[in-house]
Amino acid sequence: MRSRFAVSSDDFDLAKVDPATTPGINSKTKARQFVTSTGPELREDQTRLYAGRKQSILLVLQGMDGCGKDGVVKHVIDLFYPTSVRVTAFKAPTDEEKQHDFLWRFRPHLPARGNIAVFNRSWYEDVGIAKVHNLVGPEVVEERYGQINAFEAEAAAAGIIVLKCFLHVSYEEQGRRLVDRLTDPSKRWKFDEADLVERACWADYMSAYSTAIRRCNLNPWYVVPADHKWYRDWVIAQLLTETLADLHLEYPERPDLDIEALIKRIN
């Protein structure tokens, strides 16, 4: 599954990826059933991960507004036990954060060994929106690609498995979702007119993110077709399941414990 969505080409271009494609499954019902069915396996591996305290998982969710980052958290991440999972949403940097380098605000939220962290947006905003709106010069953006690669390499060396997912939604589907926010009273609170400003820069964003994905792919990117919410969740559930399975997690041995003596003390 991961190889199907992993970016491997040096000339990768988001414009060439169909956001509405659903390779591997074409049934919304079966996809939803699969996601739900992964819960026990995800929680079991989560417990082994926490018990072993050797590695951790960082799931980075990046994409245009309306791509479904919150939906992934609701339908997939909520399958985990809440005790060792932390979700952090990153908005525009605060005045304090602007006093530091662009990666500073992310470091405190990296997962400790045994834990799972989910980033709703990430440092890729700093080579995305910053590039599209000329918040920094081209030379600064260029320097940031190298800093991001070094940062992710540092995270990997610390035992963090960085799972980067770009939720790829089409311009047309984003438009439908924005209209839905306006017409549904339960979603209207999420609407922000600033989203329309960003929508007007769609082509520039596609170019900026395509470049970032190409330049920062040492920890591979997975581009997830996200026009169909059920398919998006199905892919993320698969990626998490496979990533955890590849760690071959086992419960730690406890040779220091005299089991019989301890049971006698209990009884």
Side-chain angles (χ1 to χ4, degrees), residues 1-3 5-6 25 29-61 68-90 103-123 151-165 219-220 222 224 229-230 232-267:
M1 171 58 69
R2 281 174 297 176
S3 61
F5 301 101
I25 193 168
T29 299
K30 290 182 179 179
R32 289 296 191 201
Q33 289 173 343
F34 172 81
V35 172
T36 301
S37 73
T38 62
E41 181 179 353
L42 288 174
R43 290 188 291 272
E44 181 67 22
D45 278 336
Q46 175 192 15
T47 303
R48 290 192 178 100
L49 180 72
Y50 187 75
R53 306 290 181 94
K54 293 180 179 179
Q55 294 169 298
S56 58
I57 302 288
L58 171 59
L59 174 64
V60 174
L61 300 176
K69 298 180 290 293
D70 289 337
V72 168
V73 173
K74 177 180 179 180
H75 296 290
V76 182
I77 305 306
D78 278 358
L79 294 172
F80 287 109
Y81 295 123
T83 49
S84 58
V85 173
R86 182 178 181 182
V87 179
T88 306
F90 292 97
L103 291 166
W104 179 82
R105 65 181 179 141
F106 301 104
R107 293 183 182 276
H109 302 284
L110 291 174
R113 291 179 185 266
N115 286 259
I116 298 170
V118 181
F119 283 7
N120 182 330
R121 300 187 187 275
S122 68
W123 44 88
F151 177 68
E152 292 181 3
E154 177 188 332
I160 301 174
I161 310 300
V162 184
L163 187 60
K164 300 185 296 186
C165 296
N219 287 305
Y222 300 94
V224 180
K229 298 176 182 179
W230 55 267
R232 171 204 69 205
D233 296 341
W234 181 78
V235 173
I236 297 296
Q238 294 259 21
L239 292 175
L240 285 168
T241 300
E242 292 181 15
T243 298
L244 285 164
D246 279 356
L247 296 179
H248 303 293
L249 298 165
E250 299 288 346
Y251 289 111
E253 297 290 337
R254 291 295 306 274
D256 58 310
L257 297 179
D258 185 336
I259 305 298
E260 291 186 6
L262 288 169
I263 291 175
K264 287 181 180 179
R265 289 177 61 186
I266 294 170
N267 294 331

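Just so it is clear, the model here is predicted, and its values are computed rather than measured. Computed from heavy atoms alone, side chains included, the values below leave out hydrogens, waters and symmetry copies.
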Nearest 0.5 Å, please: how far is OG1 in Thr47 from OH in Tyr251?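 Here the rounded value is 5.0 Å.
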Distance, nearest 0.5 Å, that separates CZ of Arg105 from OG of Ser122: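 Going from the CZ atom of Arg105 to the OG atom of Ser122 covers 9.0 Å.
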Only counting residues at least two apart or in another chain, list the ones meeting salt bridge (Lys or Arg N to Asp or Glu O under 4.0 Å) with [X].
| X | answer |
| --- | --- |
| Arg43 | none |
| Asp258 | none |
| Lys164 | Glu152 |
| Arg48 | Glu44, Asp45 |

Residues two or more places apart in sequence or in another chain: which of them pass side-chain contact (heavy atoms from CB on, under 4.5 Å) with Ala158?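 If we apply the side-chain contact (heavy atoms from CB on, under 4.5 Å) test to Ala158, skipping adjacent residues, there are no hits.
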According to side-chain contact (heavy atoms from CB on, under 4.5 Å), who are the partners of Arg107, at least two apart in sequence or on a separate chain?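 By the side-chain contact (heavy atoms from CB on, under 4.5 Å) rule, Arg107 matches Phe151, Glu154.
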Pairs meeting criterion side chain to side chain donor-acceptor pair (under 3.5 Å) with involvement of residues 112-121, two or more places apart: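 Those involving residues 112-121 are Asp70-Asn120, Arg121-Glu125.
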Shortest non-hydrogen contact from [X] to [Y]?
| X | Y | value |
| --- | --- | --- |
| Ser56 | Ala112 | CB-O, 3.3 Å |
| Asn219 | Ala156 | OD1-CB, 4.4 Å |
| Leu247 | Gln55 | CD2-OE1, 3.4 Å |
| Gly52 | Pro252 | N-CD, 4.2 Å |

Under 3.5 Å donor-acceptor pairs involving side-chain atoms of residues 74-87, not counting sequence neighbours:
{"from": "Ser84", "atom 1": "OG", "to": "Gln46", "atom 2": "NE2", "distance (Å)": "2.9"}
{"from": "Arg86", "atom 1": "NH2", "to": "His109", "atom 2": "ND1", "distance (Å)": "3.2"}

Out of Leu59, Leu61, Leu110, which one pairs with Phe119 under the side-chain contact (heavy atoms from CB on, under 4.5 Å) rule?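 One option only clears the test, and that one is Leu110.
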For Tyr50, what residues pass the side-chain hydrogen bond (donor to acceptor under 3.5 Å, both in side chains) criterion, not counting sequence neighbours?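 Only Arg53 meet the side-chain hydrogen bond (donor to acceptor under 3.5 Å, both in side chains) criterion with Tyr50.
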Would you check if Asp233 and Arg32 make a side-chain contact, meaning some heavy-atom pair closer than 4.5 Å?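 Side chain of Asp233 against side chain of Arg32, heavy atoms only: contact under 4.5 Å found.
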Distance-only check: which donor-acceptor pairs under 3.5 Å involve side-chain atoms of residues 260-267, not counting sequence neighbours?
{"from": "Asn267", "atom 1": "ND2", "to": "Ile263", "atom 2": "O", "distance (Å)": "3.4"}

Using ring-ring contact (aromatic ring centres under 6.0 Å, His included) as the criterion, list what pairs up with Phe106, not counting sequence neighbours.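 For Phe106, the residues satisfying ring-ring contact (aromatic ring centres under 6.0 Å, His included) (neighbours in sequence not counted) are Phe90, Trp123.
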Give every donor-acceptor pair under 3.5 Å between a side-chain atom in residues 235-245 and any protein atom, sequence neighbours left out.
{"from": "Thr241", "atom 1": "OG1", "to": "Ala237", "atom 2": "O", "distance (Å)": "2.7"}
{"from": "Glu242", "atom 1": "OE1", "to": "Arg2", "atom 2": "N", "distance (Å)": "3.4"}
{"from": "Glu242", "atom 1": "OE1", "to": "Arg2", "atom 2": "NE", "distance (Å)": "3.4"}
{"from": "Thr243", "atom 1": "OG1", "to": "Leu239", "atom 2": "O", "distance (Å)": "2.7"}

